[in-house]
Amino acid sequence: MAEAIVSGVFERLTSFSLQVAENGVRLVVGVNEELKKIGTTLCTIRAVLADAEKRQVKEQAVKLWLDRLQNVAYDIEDLLDGWSTVVIRSKIEESQSSFRLSSLQPFANSIPRLVRRRGIATKIKELSESLQVIAKEKDDFAFIVNLIRNDDIEPERPKTTCFVDASEIRGRDQDKNSIISMLLSENGQERGVPIISIVGMGGIGKTTLAQIVYNDREVNAYFQKKLWVCVSDPFDEMRIAKAILEALTGIPSGLGELNTVLEKIHESIVGKKFLLVLDDVWTEDERKWQSLKCCLKSGAPPGSKILVTTRKENVATVMGCTRLFHLGKLSEEECWSLFSQVAFSGWNHRARQILADIGKKIADKCNGLPLAAKTLGGLLRFKKSREQWQRILDSNMWELDEAETGLFSPLLLSYYDLPAPLRQCFSYCAIFPKGYKIEKDLLIKLWMAQGFLGDGNGMEIVGEEYFDNLAMRSFFQEFETDENDDGIIRCKMHDIVHDFAQLLRKRECYVVASNGIEEQRAEWYHESARHLRVILDNEQAVIPSLLYNAKKLRSLLVDSCPSNSSTLNASLPRLFDQLTCLRMLDLSNNRYRKQTSITELPCQIGELIHLRYVSLEGNKGLKELPMTLWDLCNLQTLNIRLCSSIQSSKFIPEGLINLRHLQNAETYGCTSKAFGLKRSILLQTLEEFVVEPFGYLLAGDGEQILKESEMHRSNLCDLGTFALLRGNLKIIGLGDVSRRDAEEAGLWKKTGLRNLTLSFNSMYKGMRVLEGAYAHESSVLEALQPPLYLESLDINRMNGPTAFPSWMVSLTMLKRVRLWACFNWKTLPPMWKLPVLEHLEIWEMKNVKEVGQEFMGAETEKGCLKLKSLPRHLLQKTTLQVLDIFDCPILTERYSRNGTGEDCHYISHIPTITIDGEDVKRDGN
């Protein structure tokens with residue numbers, strides 16, 4: 001992890017130098033030389049980090065040296081970031097001179113405290129000197145210098161064999177039978193040698209499963225030759241080929257050319273049905289496997305199989321896997337059986353009974369991981385007292401020395417196989433509680449806030465790739481997918497993997513409960529603490545006093561119950577004064593969904609100039625955001641979902657120039673103008689855009705009225721600024737806009753949008769609308785053409801006649817349509833023109849009397865081939881008199897013409913029903 005941090009600081013140093021040059025910033029004499037010295041020293045240190053990372057596993061002194069290096073690197077990064085922020089703010093002030101005496105004054109006052117030019121010079125010199133000391137200390141360790149690449153930093157990899165004692169295995173009978181069934185099956189359609197891959201996290205039992213399958217009687221009888229090769233890493237083609245040849249011939253090979261060895265293998269397998277087990281494969285380089293694969297494919301008779309074990313799904317794909325088998329956890333009973341078998345080996349019955357209750361709780365901590373059960377069982381086998389067992393139960397797994405050397409060794413192999421940037425992304429997950437459902441989107445935003453994804457425009461894409469990489473390497477599990485596109489939206493970490501992440505971050509990342517359960521453990525108060533979750537579980541709970549001294553925190557999450565809202569409100573100003581290095585602040589109120597914990601956000605938040613992520617979600621009592629929030633020019637994500645009491649401010653500066661995600665769903669009191677987004681051209685997420693109309697007319701008696709020719713002036717055209725919008729967008733208040741504003745919004749250019757809601761409700765509540773005022777809505781809808789790849793569309797509250805814009809037929813990816821509260825519609829749009837429509841909802845269409853040809857497409861040969869059901873709210877309308885379904889095969893089956901379909905009871909009350917041109921007869925009629 002140190003390598004990623006140091007590399008990040010070095011890159012930041014380079015970008016800062018460019019920023020200084022581009023903006024003509026004058027540096028204090030000597031500062032430039034110190035910056036160059038820091039850069040040179042960092043390069044020197046980077047050359048030994050590969051060896052240092054490897055040795056820290058066993059050498060505490062090296063670990064402490066790396067910790068000191070990381071702390072200094074963090075301090076350098078914070079200093080550079082603060083200085084860069086001042087440069088950015090000065091540029092903003094130049095372009096918004098009118099703001100200097102108002103909103104930006106608090107920020108200007110904070111500059112002398114944080115980043116005065118002379119103060120910076122002094123601080124840089126101090127950090128440079130500290131770094132020089134660390135650089136000199138490295139010589140005491142005689143590190144191996146590696147100037148090329150970060151190779152071979154992982155612990156030694158164990159070698160496996162095919163031998164196993166099947167009597168010691170617990171709970172894999174079903175998995176064994178599944179694999180054997182795959183091995184013994186013969187499919188004439190499969191070309192080449194079928195490859196079966198067992199994929200799972202380290203310690204889950206992949207090798208063990210392969211061993212018991214390999215030694216099964218049926219398998220022995222079926223295959224003429226069985227070969228076991230421990231591949232490991234690196235993937236050495238020559239070594240593997242020689243191992244296969246030796247297993248085939250029984251004679252060690254002295255051949256020196258790979259091609260010659262492959263020829264001998266080919267000769268040896270001709271006509272012999274074989275099983276080849278390649279255990280512990282890591283390489284994702286297809287080229288290294290290709291020659292051997294071709295050799296085996298060309299000589300193998302039908303029925304031959306290759307069985308691969310790997311931790312990485314990518315490996316299975318690269319090797320041409322034909323069947324993928326994800327190996328899961330043991331059940332609670334199976335895990336207890338394995339644990340007790342090891343822990344109670346040689347114990348008498350009475351001794352077992354005395355400790356069985358604690359033993360079951362310890363086995364539960366293993367969470368179905370066989371390696372954990374065996375490691376802890378072996379640890380407790382020679383501990384006979386209840387107190388010793390209780391200590392293990394009460395301890396965090398990552399605090400046990402025995403676990404670090406035994407249980408976590410396989411996980412270290414997976415960890416060091418990761419590229420350096422992914423290591424810090426994985427270990428940061430320790431900030432979540434054990435068993436927590438991690439939102440993929442949130443995790444990527446938090447990685448961004450910590451600078452793990454670089455600083456380019458494609459950070460979210462990089463984050464997606466990192467997440468997928470970790471998922472395919474089995475660091476995550478229990479995935480929940482989106483019902484529309486099957487993409488992962490949340491996941492969990494196995495408890496042991498979470499313990500491993502805590503081990504990696506044990507001096508940086510902590511969870512503290514102020515009710516006293518964990519507060520007694522004070523190691524988190526160490527100056528190296530960087531990431532903290534505080535849990536306030538009851539009304540007596542208070543912010544721990546020593547938290548105010550943790551001035552180098554980069555992440556702070558506060559889980560607070562509603563009953564201590566006054567305590568939290570009173571604590572925030574002091575916290576903001578002290579924790580000036582924060583990059584992530586989460587004060588959301590998601591746990592309770594009741595009354596808010598926060599009623600006021602202190603203006604001191606403007607001094608947290610490093611902030612990239614702020615979440616206030618669910619604080620329903622929060623009525624306004626302080627003006628100083630808009631001084632946070634580094635802010636990337638602002639989450640104010642469900643802050644329903646926030647009101648629009650009269651004057652908002654436009655300082656959030658790096659804002660990428662505004663999560664503002666259900667902030668009813670705010671128009672979109674209130675967020676000052678005109679300069680936020682990087683914006684990708686804007687959940688709700690509330691149109692703000694600019695004028696109205698008064699009738700002669702002073703009554704407010706609207707007139708079509710003069711009502712349609714709004715800020716909708718501001719959407720045209722945000723070319724990068726993606727995901728979900730809801731536009732509210734379209735009843736007050738003109739076609740011109742709708743065209744300037746440029747929705748069709750925002751190719752990343754997938755779900756769009758168009759709400760035509762008017763913001764002129766209580767005003768009398770003149771006749772004909774809604775005639776323009778069809779033209780506005782026409783002008784709001786979405787991008788071609790839209791998947792979901794919601795149209796509601798249109799007051800004009802039935803509308804079906806010409807662009808609808810071009811939305812060939814549209815799967816979901818929701819129409820509701822269009823009170824003046826008498827017919828429904830021709831949904832049959834949408835080729836992949838799967839889900840249709842229709843609500844509160846009070847004047848719709850007939851659903852027939854124009855809706856389902858009876859006048860054409862092409863119907864709604866994929867439509868799965870009709871809206872029940874529509875079908876069950878007592879006013880509906882006619883239903884005509886044509887060329888919709890799925891609907892035809894569900895609403896079966898003979899009245900036996902599974903959904904036929906939903907339409908039984910409709911007097912006239914026609915399906916594919918035939919009247920549906922019911923009740924003998």
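Not measured: the values here are computed from a predicted model. Along the sequence shown, residues carry numbers from 1.
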TODO: List the steps and the verdict of side chain to side chain donor-acceptor pair (under 3.5 Å) for T637 and H661.
DONE: CA-CA 5 Å; T637 302; H661 305 284; 4.9 Å; no
Open item on the list: Set out, in order, the CA-CA distance, both residues' side-chain angles and the distance that settles side chain to side chain donor-acceptor pair (under 3.5 Å) for Q132 and T41, then state yes or no.
Closed with: CA-CA 7 Å; Q132 299 303 319; T41 307; 2.7 Å; yes
- [ ] Just do the salt bridge (Lys or Arg N to Asp or Glu O under 4.0 Å) check on R612 and D81 with the steps written out, would you?
- [x] CA-CA 12 Å; R612 266 75 172 172; D81 191 57; 2.7 Å; yes
- [ ] Report the C-alpha distance between S555 and Q450 in whole Å, list the side-chain angles of each, state the deciding distance to 0.1 Å, and finish with yes or no for side chain to side chain donor-acceptor pair (under 3.5 Å).
- [x] CA-CA 9 Å; S555 304; Q450 299 301 324; 2.8 Å; yes
TODO: Before giving the answer on side chain to side chain donor-acceptor pair (under 3.5 Å), spell out for N314 and E284 the whole-Å C-alpha distance, their side-chain angles and the decisive distance to 0.1 Å.
DONE: CA-CA 7 Å; N314 269 1; E284 297 179 39; 3.3 Å; yes
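Using a cut-off of 4.0 Å between Lys/Arg side-chain N and Asp/Glu carboxylate O, K437 and E480 are scored as salt-bridged. We find that K434 and D495 are not joined by a salt bridge, their nearest charged nitrogen and carboxylate oxygen being 4.0 Å or further apart. Salt bridge annotation for K63-E53: absent, with no cationic side-chain nitrogen under 4.0 angstrom from a carboxylate oxygen. Remark: R530 does not engage E508 in a salt bridge, criterion side-chain N to carboxylate O under 4.0 Å. In summary, K440 and E464 engage in a salt bridge, as defined by a charged side-chain N under 4.0 Å from a carboxylate O. Using a 4.0 Å cut-off between charged side-chain N and carboxylate O, D586 and R533 make no salt bridge. Between K365 and D499, no side-chain nitrogen of the basic residue sits less than 4.0 Å from a carboxylate oxygen of the acidic one, so the salt-bridge criterion is not met. R490 has no carboxylate O lying under 4.0 Å from a charged side-chain N of E478, or vice versa, which leaves the two without a salt bridge. With salt bridges taken as basic N to acidic carboxylate O contacts below 4.0 Å, none links K445 and E460. Using a 4.0 Å cut-off between a side-chain N of Lys or Arg and a carboxylate O of Asp or Glu, K54 and E59 do not qualify as a salt bridge. Between R423 and D417, none of the side-chain N atoms (NZ, or NE/NH1/NH2) sits under 4.0 Å from a carboxylate O, so this pair counts as no salt bridge. Between K125 and E34, at least one side-chain N (NZ, or NE/NH1/NH2) sits under 4.0 Å from a carboxylate O, which counts as a salt bridge. No salt bridge links K206 with D280; every basic N to acidic carboxylate O contact stays at or beyond 4.0 Å.
Of the possible donor and acceptor atoms, one in the side chain of H498 sits under 3.5 Å from a partner among the backbone N and O of F432. Of the possible polar contacts, one joining the T317 side chain to the E313 backbone as a donor-acceptor pair under 3.5 Å is found. Of the possible polar contacts, none joining the D631 side chain to the G655 backbone as a donor-acceptor pair under 3.5 Å is found.
None of L64, D51, L66 except one satisfies the side chain to side chain contact (heavy atoms under 4.5 Å, CB included) rule with Q56; the exception is L66. For the side chain to side chain contact (heavy atoms under 4.5 Å, CB included) criterion with R583, the lone passing option out of Q636, H531, H610 is H610.
Geometrically, R505 does not engage Y428 in a cation-pi contact, judged by NZ or CZ lying under 6.0 Å from the ring centre and within 45° of the ring axis.
For the atom pair L575 CG and T580 OG1, the distance stands at 12.0 Å (nearest 0.5 Å).
The number of heavy atoms from other shown groups lying within 6.0 Å of CG (L324) is above 12. Within a 6.0 Å sphere centred on CG of D285, other residues, nucleotides and ligands contribute more than 12 heavy atoms.
You'll find the ring centres of F426 and Y466 outside the 6.0 Å limit. A ring-centre distance under 6.0 Å is not found for Y613 and W447.
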